[in-house]
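So the structure is just underneath, and the comments pick up after that.
All values below come from the heavy atoms of this structure, side chains included, with hydrogens, waters and symmetry mates left out. Everything quoted here is computed from the prediction, not taken from an experiment.
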Amino acid sequence: MTMPEWLNNAVFYEIYPQSFKDTDSDGIGDINGITEKLGYIRDLGCNALWINPCFKSPFGDAGYDVEDYCTVAPRYGTNEDLIRLFNEAHALGMHVILDLVPGHTSVAHEWFRQSLKAEKNEFTDRYVWTDSIWTEPDGMNCIRGISDRDGSCAVNFFSHQPALNYGYYKPDPDKKWQQPMDAEGPRATLEAMKNIMRFWLGLGCDGFRVDMAGSLVKNDEDGKGTVKLWQNVRAFLDSEFPEAAIVSEWGEPDKSLMGGFHMDFLLHFGPSHYNDLFRCEEPYFSSRGKGDVSAFVQKYIENYNKTERRGLICIPSGNHDMDRLARSLSPDEIKIAFAFLLSMPGAPFIYYGDEIGMRYVENLTSVEGGYGRTGSRSPMQWDGTPNAGFGSSAPEKLYIPIDSDADRPTVEKQAADSSSIYNEVRRLIEIRQSHKALQSCGEIEFVYAEENAYPLAYIRSCGEEKILVIINPSDKEQKFSYSYPVSTALYSIGGNADCSDGVITVPPCFAGFYGG
């Protein structure tokens with residue numbers, strides 16, 4: 001199994017479609033708004049997009065409650081608008097992946113409506129149903145008492161998101177409703193999901209980010225059943241769409257990459273210690289210098305070795321489910337965080353607005369199931385015009401209120417400021433794309449990552465090229481023993497490193513890349 005070649009130098013930009021650009025003045029972003037801003041994304045240096053769910057939905061969970069997998073939500077536009085986006089992105093040398101939600105649907109989906117019927121039909125076993133309304137699925141919440149069908153239906157997330165049936169890895173023989181993975185219902189569900197992938201890939205989509213990818217098979221010891229399921233999907237893609245890429249929301253690369261995913265995210269949940277970097281009481285990237293990167297590095301190395309380079313371990317700047325970077329880091333700290341993010345292996349993912357330091361908007365009422373996440377989903381801030389250039393609707397019509405601070409960061413202001421986060425990100429992406437050692441598949445060797453210590457240092461390499469990366473977010477000068485020439489700086493912020501007698505000294509609030 002091979003990886004699509006375009007992932008070698010991919011830098012992704014995540015777009016929350018309802019919050020990116022509104023072209024029809026209804027207060028909600030749309031597909032044409034994304035198409036309009038492709039030039040901006042390409043100029044930033046990103047050559048790939050991940051678009052959060054844009055399918056028809058009642059939007060009880062921001063589109064992660066799908067009503068029709070093959071129809072663009074009318075508020076975003078039409079299927080033809082999305083096809084035009086694919087085509088225009090491809091013309092700019094960019095790729096587009098969509099968000100696939102295979103674990104559950106909305107209660108409004110026609111599959112679920114049919115499964116509610118007491119009479120057996122094609123969709124009776126499309127979801128995880130018990131055989132009695134008095135029986136709850138073990139370890140899961142459920143929907144019950146809403147139709148004549150006798151049984152309780154498991155839910156995968158919110159109470160309006162019934163769990164699709166991919167079977168049980170180890171069915172309980174005393175619970176006949178627990179179907180094995182190779183039963184007719186689970187097999188039909190998997191084939192239906194493949195058909196959805198075929199549909200969009202055939203129209204020009206380049207792959208999928210897969211929501212809750214590790215949740216599909218139930219009673220699944222160590223994820224073995226779900227790994228097997230995704231190996232089946234990967235074989236289908238390799239056969240029919242070998243250039244299509246899939247990235248998992250799983251957070252356990254040893255499982256997801258073994259399962260055939262090309263990429264897996266390190267996330268704010270799971271065992272990766274991702275939060276130690278940016279989102280904890282004392283983040284490693286805070287200049288206070290009280291953070292600890294060692295547990296993150298230890299787990300990263302463990303995953304890196306386990307995966308045997310089957311795919312890419314991807315570290316995002318954030319996403320629609322996390323606090324904004326700017327909620328815990330200052331603009332100068334964010335720049336150094338990006339020096340790390342854009343010099344690590346795997347494809348980087350930049351959450352829209354992080355490149356300008358957009359802030360978490362406090363004290364918002366939940367919108368479409370966002371709850372505490374709503375403040376990270378506010379409209380993109382383009383310029384100084386009304387609604388920060390997001391769209392021309394009345395402010396009260398905005399899907400989510402915009403950051404009301406008159407000093408809020410915007411693309412317009414950041415682009416004009418040579419010392420801005422935006423221009424630092426552009427510079428870092430340009431350097432990354434100029435050196436294969438810094439790109440997705442370059443190897444990594446950590447040379448300094450001690451417990452409760454700074455700096456962080458690692459060697460990126462590809463063939464004969466070797467680059468030493470040194471990251472010191474702390475506000476104090478730091479030293480570590482390592483003999484490496486630091487005279488040729490490919491990149492630096494905050495000053496320069498010095499090497500003398502086998503000891504490298506770096507200034508405070510510093511990042512540097514050095515070619516050997």
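- At most 12 heavy atoms of other shown residues, nucleotides or ligands fall within 6.0 angstrom of atom NZ in Lys56.
- Annotation: side chain of Tyr166 is in contact with side chain of Pro102 (closest heavy-atom distance under 4.5 Å).
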* To do: Under the ring-ring contact (aromatic ring centres under 6.0 Å, His included) rule, what do Phe208 and Trp50 come out as? Steps first, then yes or no, please.
  => CA-CA 8 Å; Phe208 303 92; Trp50 157 29; over 10 Å; no
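- Proximity of Arg84 to Thr35: side-chain heavy atoms (C-beta onward) are separated by under 4.5 Å at one or more points.
- Using a 4.0 Å cut-off between charged side-chain N and carboxylate O, Asp125 and Lys120 make a salt bridge.
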* Go through Arg187 and Glu191 one step at a time and tell me if the salt bridge (charged side-chain N to carboxylate O under 4.0 Å, His left out) criterion holds. => CA-CA 6 Å; Arg187 285 190 288 109; Glu191 290 307 311; over 6 Å; no
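- Around the CD atom of Glu396, the shell of radius 6.0 Å holds more than 12 heavy atoms that belong to other residues, nucleotides or ligands.
- Partner Thr105 forms a side-chain hydrogen bond (donor to acceptor under 3.5 Å, both in side chains) with one of Tyr69, Tyr64, Tyr127 and no other, that one being Tyr127.
- Using modelled atom types, one finds a donor on one side chain and an acceptor on the other under 3.5 Å when comparing Thr78 with Asp81.
- Side-chain atoms of Ser376 do not come within 3.5 Å of backbone N or O of Tyr360 as any donor-acceptor pair.
- A 4.5 Å side-chain heavy-atom check between Asn165 and Arg126 finds every atom pair outside the cut-off.
- Looking only at distances, a side-chain donor or acceptor of Ser343 sits under 3.5 Å from a matching main-chain atom of Phe340.
- Side-chain N or O atoms of Arg75 include none that pairs as donor or acceptor with a backbone N or O of Ile28 at under 3.5 Å.
- Considering only heavy atoms from C-beta on, Leu98 comes within 4.5 Å of Cys54 through its side chain.
- Under the 3.5 Å distance criterion, the side-chain polar atoms of Gln161 are matched with a main-chain donor or acceptor of Phe158.
- More than 12 heavy atoms of other residues, nucleotides or ligands lie within 6.0 Å of CD in Glu362, so this atom counts as buried by the packing criterion.
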* Can you list the steps and then say if Asn156 with Ser215 is a side chain to side chain donor-acceptor pair (under 3.5 Å)? -> CA-CA 8 Å; Asn156 222 33; Ser215 73; 3.3 Å; yes
* Between His273 and Asp276, does a side chain to side chain donor-acceptor pair (under 3.5 Å) hold up when you go through it step by step? -> CA-CA 5 Å; His273 289 272; Asp276 295 358; 3.0 Å; yes
* **Step-by-step salt bridge (charged side-chain N to carboxylate O under 4.0 Å, His left out) determination, Asp323 to Arg377** => CA-CA 9 Å; Asp323 285 354; Arg377 302 175 176 184; over 6 Å; no
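- Of the charged side-chain nitrogens involved, none lies within less than 4.0 Å of a carboxylate oxygen, so that Lys224 and Asp220 do not count as a salt-bridged pair.
- The backbone N or O of Phe20 sits less than 3.5 Å from a side-chain atom of Trp382, completing a donor-acceptor pair.
- Side-chain atoms of Gln439 come within 3.5 Å of backbone N or O of Gln433 as a donor-acceptor pair.
- How far SG of Cys142 is from CH2 of Trp129: 9.5 Å, rounded to the nearest 0.5 Å.
- In this pair, Tyr399 and Tyr16 present their aromatic rings tilted. The plane angle is within the 30 to 60° band.
- Not one N or O on the side chain of Thr226 forms a donor-acceptor pair closer than 3.5 Å with the backbone of Gly223.
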* **CA sep, side-chain torsions, deciding dist, call: Gln114, Glu110, side chain to side chain donor-acceptor pair (under 3.5 Å)** => CA-CA 6 Å; Gln114 293 298 319; Glu110 184 59 25; 2.7 Å; yes
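- Remark: side-chain polar atoms of Asp30 are paired, donor with acceptor, to backbone N or O of Thr23 under 3.5 angstrom.
- With Phe12 as the aromatic partner, Arg209 does not meet the cation-pi criteria of under 6.0 angstrom to the ring centre and within 45 degrees of the ring axis.
- Using modelled atom types, one side-chain atom of Thr124 and one backbone atom of Asn121 make a donor-acceptor pair closer than 3.5 Å.
- For the residue pair Ser317 / Asp354, a side-chain donor-acceptor distance below 3.5 Å is found, with atom types taken as modelled.
- Two rings, from Trp250 and Phe269, have their centers 6.0 Å or more apart.
- Remark: side-chain polar atoms of Ser57 are not paired, donor with acceptor, to backbone N or O of Val66 under 3.5 angstrom.
- In this pair, Tyr304 and Tyr300 present their aromatic rings parallel. The plane angle is below 30°, not in the 30 to 60° band.
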* Asked: Is there a side chain to side chain donor-acceptor pair (under 3.5 Å) between Lys194 and Asn232 once you walk through the steps?
  -> CA-CA 10 Å; Lys194 287 183 190 176; Asn232 180 306; 2.5 Å; yes
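- Of the candidates Leu229, Asp222, Val217, Tyr169 forms a side chain to side chain contact (heavy atoms under 4.5 Å, CB included) with just one, namely Val217.
- In Asp43, the CG atom is crowded: over 12 heavy atoms of neighbouring residues, nucleotides or ligands sit closer than 6.0 Å.
- Considering Arg359, Arg327, Arg408 in turn, Arg359 is the only one that fulfils the salt bridge (charged side-chain N to carboxylate O under 4.0 Å, His left out) rule with Asp403.
- For the pair Arg324 and Tyr352, the cation-pi criterion (under 6.0 Å, within 45° of the ring axis) is fulfilled.
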